[in-house]
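As structure tokens, the structure follows; a few thoughts come after it.
For the numbers below, each heavy atom of this structure counts, side chains included, while hydrogens, waters and symmetry mates do not.
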Amino acid sequence: MEHMKFETPDMVAGNIEKIGALFPAAITEMRGEDGQIKKGINFEVLKQLLSRDVVDGDECYEFTWVGKKAAMAEAARPITKTLRPVKEDSRDWDTTQNLYIEGDNLEVLKILQESYLGKVKMIYIDPPYNTGHDFIYRDKRQRSQQEENEQLGMYDEDGNQMFENTESNGRFHSDWCTMFFTRLQVAKSLLADDGAIFISIDDGELENVKKICDEIFGASNFRNTILTRRRIKSLNSQFAENGLYSMNVGFEYIIVYAKSPAFLMKALQMKKANASTKGR
């Protein structure tokens with residue numbers, strides 16, 4: 001039995017989708033009058049796209065999103081938590097040199113600053129790829145009842161709230177960038193001057209990861225993009241799908257950034273030392 005809808009269609013949302021199909025560059029994420037983040041139109045960009053002449057307006061080179069300032073503030077905000085050992089689930093507690101830590105990764109990173117600030121040689125992170133079905137942490141803990149009802153999430157083992165970042169979310173990219181930026185900013189503080197960070201990602205947020213890393217580490221400290229094969233066993237299967245030919249990417253990426261130029265100097269010293277050893 002079909003129920004009647006006592007609500008007229010959202011014509012604005014429909015028009016935004018139509019404009020987005022014609023002018024993707026004009027689509028943005030913005031805060032509405034009710035304070036909620038939603039998909040909208042950047043009318044300054046749209047005017048330029050529809051004009052043969054340059055439209056007046058302020059320009060600057062920047063990468064930003066709704067929530068970026070909050071991400072910066074969250075990275076600098078201290079916490080009053082600590083790590084608790086679970087000896088009964090551990091092996092060789094008194095002699096091991098390895099640690100396995102469970103918890104909200106942002107909180108854990110902040111706690112590790114106490115002992116490992118500027119001491120870590122290498123960090124590898126594998127964040128959610130933002131495919132539309134990934135669960136990510138919500139750093140802003142204050143939520144209205146309406147938000148709670150609209151977007152029920154899940155919790156990790158420690159009760160930290162997470163939510164599914166679907167493509168229908170009006171702040172699909174903004175939420176992901178906020179989550180990633182905050183954790184990357186704290187992770188940088190743990191790296192030694194000659195340390196490096198390796199980040200796995202797919203095509204969905206590849207460009208945003210690169211831009212965020214350029215801002216946090218500096219573009220000059222970008223070292224490499226490593227391509228890794230993704231579920232591809234042959235060249236033919238890379239282009240064929242269900243008998244039809246397509247241009248599937250077939251790759252994931254590992255982005256490499258150094259903490260500072262000291263990383264490159266260290267690498268050159270090691271290369272010279274190895275060459276000297278072989279020459280003997």
Salt-bridge contact Glu215-Lys68 (side-chain N to carboxylate O under 4.0 Å): yes

State, yes or no, whether a side-chain contact exists between Val45 and Gln48 at a heavy-atom distance under 4.5 Å. no

Under 6.0 Å between the ring centres of Tyr124 and Phe198? no

Under 3.5 Å, is there a donor-acceptor pair between the side chain of Lys259 and the main chain of Leu191? yes

Is Asp202 reaching over with its side chain to a backbone N or O of Gly204, donor-acceptor style, under 3.5 angstrom? yes

Salt-bridge test for Lys110 and Asp104: reply yes if a basic N is under 4.0 Å from a carboxylate O, no otherwise. no

Between Arg77 and Glu74 (salt bridge meaning N to carboxylate O under 4.0 Å), is one present in this structure? yes

Donor-acceptor pair, Thr178 side chain versus Ser174 backbone, under 3.5 Å? yes

Over 60° means perpendicular and under 30° means parallel, so tell me whether Trp65 and Phe63 are parallel, tilted or perpendicular. tilted

Begin from the C-alpha positions of Trp176 and Glu205 and carry the test side-chain contact (heavy atoms from CB on, under 4.5 Å) through to its verdict. CA-CA 9 Å; Trp176 192 92; Glu205 297 291 349; 3.8 Å; yes

Side-chain donor-acceptor pair under 3.5 Å between Ser189 and Gln113, yes or no? yes

Answer yes or no: is there a side-chain heavy-atom contact under 4.5 Å between Ile125 and Ile123? yes

